[in-house]
Participant: 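The structure that follows is given in the form of structure tokens.
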There are 2 protein chains.
Amino acid sequence: MVETSVDCVIFGFQHEKLKVLLIKRNNEPSKGLMALPGDFLDKSISIYGSAENTLKKITDLDNIFLEQIQAFGSVDRYPGKRVITISYYALINIENYSPRAGYTAEKLVWCDIDKLPELAFDHQKIIESAHKKLKRRVRYEPIGFNLLPKEFSLTNLQQVYEAILQVELNKRNFRTKLNQMKLLINTGNKQKNVAHKPAILYKFDENMYKHLKEGGFFFKL
Amino acid sequence: MVETSVDCVIFGFQHEKLKVLLIKRNNEPSKGLMALPGDFLDKSISIYGSAENTLKKITDLDNIFLEQIQAFGSVDRYPGKRVITISYYALINIENYSPRAGYTAEKLVWCDIDKLPELAFDHQKIIESAHKKLKRRVRYEPIGFNLLPKEFSLTNLQQVYEAILQVELNKRNFRTKLNQMKLLINTGNKQKNVAHKPAILYKFDENMYKHLKEGGFFFKL
DNA sequence: TCAAAAGTGTTCGATCTACACCCATGG
DNA sequence: CCATGGGTGTAGATCGAACACTTTTGA
């Protein structure tokens, strides 16, 4: 019989870096190694629901961006028995995150996407797939916002894109493009206590997004 | 316990239309309905391998383009028991296709992507996902060639793209773009017995593709 | 000689890129 | 009044859409 698990690549953004939330394994196999949070699939729960539950259990967050990456199913990916896994990735605002009781900082770690430790099973490969998928998705769906607080500056947003895509973007052109899309609302608020011109804070315009989407609109970069 | 199946969306191109290969179900549940070819996952076979086997069994083809779409895992997608499915899509050259012995034309049918019959389980949804994925993939990876014979005209290729993307493309610009990419080799052959200027036949340049890919090249439309 | 589809030249406007510059704030 | 990062104007290059035109074949 083939067993099925569901694993989550939870992305966050902090200190201008793209991060992944990893958990230290309590049990064999691979006890003590870092791994993706996840669980075996329960007969009475959908695969999406299983990913949601894992997220809730670990980060205490509901209603967050969650999308399937793909299934991984080599015969030998898991030692001792046949286990395939279905992987999801999530985008969360790291400010809203507080680990559930019972998860110490030693157990639950935000790692830089480009400085990952040794990982259990094929989780390295899964994270690479997640990152690749995110890189593509972020260019034609406005999902980068999910990594930021409700209110953010244009520079914040640009840094998110630079961290995900691992390229430098031109400030002028990035702003022009975002302006044209009309997906941002000026909140009227500004940065405080900064030793330079304070940035205007924006929020994402959900309604405009829905409206544009119906019209077959195409977000680009 | 959760069971796992692997299903294949097999795409072909004929009469300027994008087609999907469907099979009439022999057994309950949904006996007599059209469905995607597939099988339950065997413990000793990888999920990719399972998709390959299905393809071989039905079309007698090896070595064809095959990519995972995603897993479908609603609790109630399959009647009577819990079955999740992992779906793949394949691109084949319909000219090379001949159904394996035992599969009559009544049983195995190429259907227009926009004229699908009633389908078993959630297979309609799976085909829609496959088409959506194909639409995206085809724009930044040169995979459309897989639907054509070894040698093809530029008009053939344009029709493939138009059938997949369901848009009309401008002849002049399509050709200019393809020319710039240098992915086509002029075979020196031409169409025969056509009542108009015969088209030059090209083939896909595998080596150039690998070379360009290493250099971080980006196929676009 | 005609119809049909292959294949090419060229214009115009939109978009992208790059660089230079001004602005508001804390120290 | 200076350093710092926020925010804008604009010229030039590149790209894509559209249209008109020539070419080669079978009937």
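Note that this is a predicted model, so its numbers are computed, not measured. Naming convention: chains lettered A, B, ... in sequence-line order (proteins, then strands); numbering from 1 in each chain.
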Participant: Please lay out, stage by stage, how B:D7 and B:T85 fare under the test side-chain hydrogen bond (donor to acceptor under 3.5 Å, both in side chains).
Facilitator: CA-CA 7 Å; B:D7 290 318; B:T85 194; 2.8 Å; yes
Participant: Please report, rounded to the nearest Å, how far the C1' atom of D:dC15 is from the CZ atom of B:F174.
Facilitator: 17 Å
Participant: Could you state the atom-to-atom distance from CG of B:N170 to P of D:dA20 in whole Å?
Facilitator: 13 Å
Participant: Roughly how many Å is it from CZ in A:R175 to P in D:dG7, rounded to a whole number?
Facilitator: 5 Å
Participant: Can you identify which nucleotide, out of C:dG7, D:dT25, D:dT4, has its nearest atom closest to the A:H196 side chain?
Facilitator: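 Output: D:dT4.
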Participant: Compute the centroid of each ring, for A:F152 and then for A:F204, and state whether the two points are separated by less than 6.0 Å.
Facilitator: no
Participant: Would you indicate which nucleotide in D:dA18, C:dG7, C:dA5 comes nearest to any side-chain atom of B:K171?
Facilitator: C:dG7
Participant: Rounded to whole Å, how long is the line connecting atom CG of B:N189 with atom P of D:dT25?
Facilitator: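 For the pair B:N189 CG and D:dT25 P, the rounded distance is 14 Å.
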Participant: Using atom CG of A:L178 as one end and atom P of D:dG7 as the other, report the distance to the nearest whole Å.
Facilitator: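 Computing the A:L178:CG to D:dG7:P distance gives 13 Å.
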Participant: Looking at the base of D:dA17, is there any donor atom on it, or on the side chain of B:N173, that sits under 3.5 Å from an acceptor on the other one?
Facilitator: yes
Participant: With respect to the phosphate group of D:dT8, does any side-chain polar atom (N or O) of A:R172 fall under 4.0 Å of OP1 or OP2?
Facilitator: no
Participant: Name the residue closer to the 5' end of DNA chain D, choosing between A:A199 and B:N193 according to the nucleotide with the nearest heavy atom.
Facilitator: A:A199
Participant: Just how far, in rounded Å, is P of D:dC19 from CD of B:E168?
Facilitator: 13 Å
Participant: Give a yes or no on whether a salt bridge exists between B:D112 and B:K19, defined as a side-chain N under 4.0 angstrom from a carboxylate O.
Facilitator: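 A salt bridge is present here (some side-chain N lies under 4.0 Å from a carboxylate O).
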Participant: Are B:F72 and B:S129 side-chain neighbours, meaning at least one heavy-atom pair lies under 4.5 Å?
Facilitator: yes
Participant: Using whole Å, report how far NZ of B:K197 lies from C1' of D:dT24.
Facilitator: 6 Å
Participant: Check B:E141 with A:R136, please: is the shortest side-chain N to carboxylate O separation under 4.0 Å?
Facilitator: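 Salt bridge present between A:R136 and B:E141.
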Participant: Need to verify one output field. Residue with the more 5' nearest nucleotide on DNA chain C, B:T176 or B:S153?
Facilitator: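 The residue whose closest nucleotide sits nearer the 5' end is B:S153.
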Participant: Have a look at A:T155 and say if it touches a base, only the backbone sugar-phosphate, or nothing, with a 4.0 Å heavy-atom cut-off.
Facilitator: sugar-phosphate
Participant: Give the rounded distance in Å between these two atoms: CD1 of B:I200 and C1' of D:dT24.
Facilitator: 11 Å
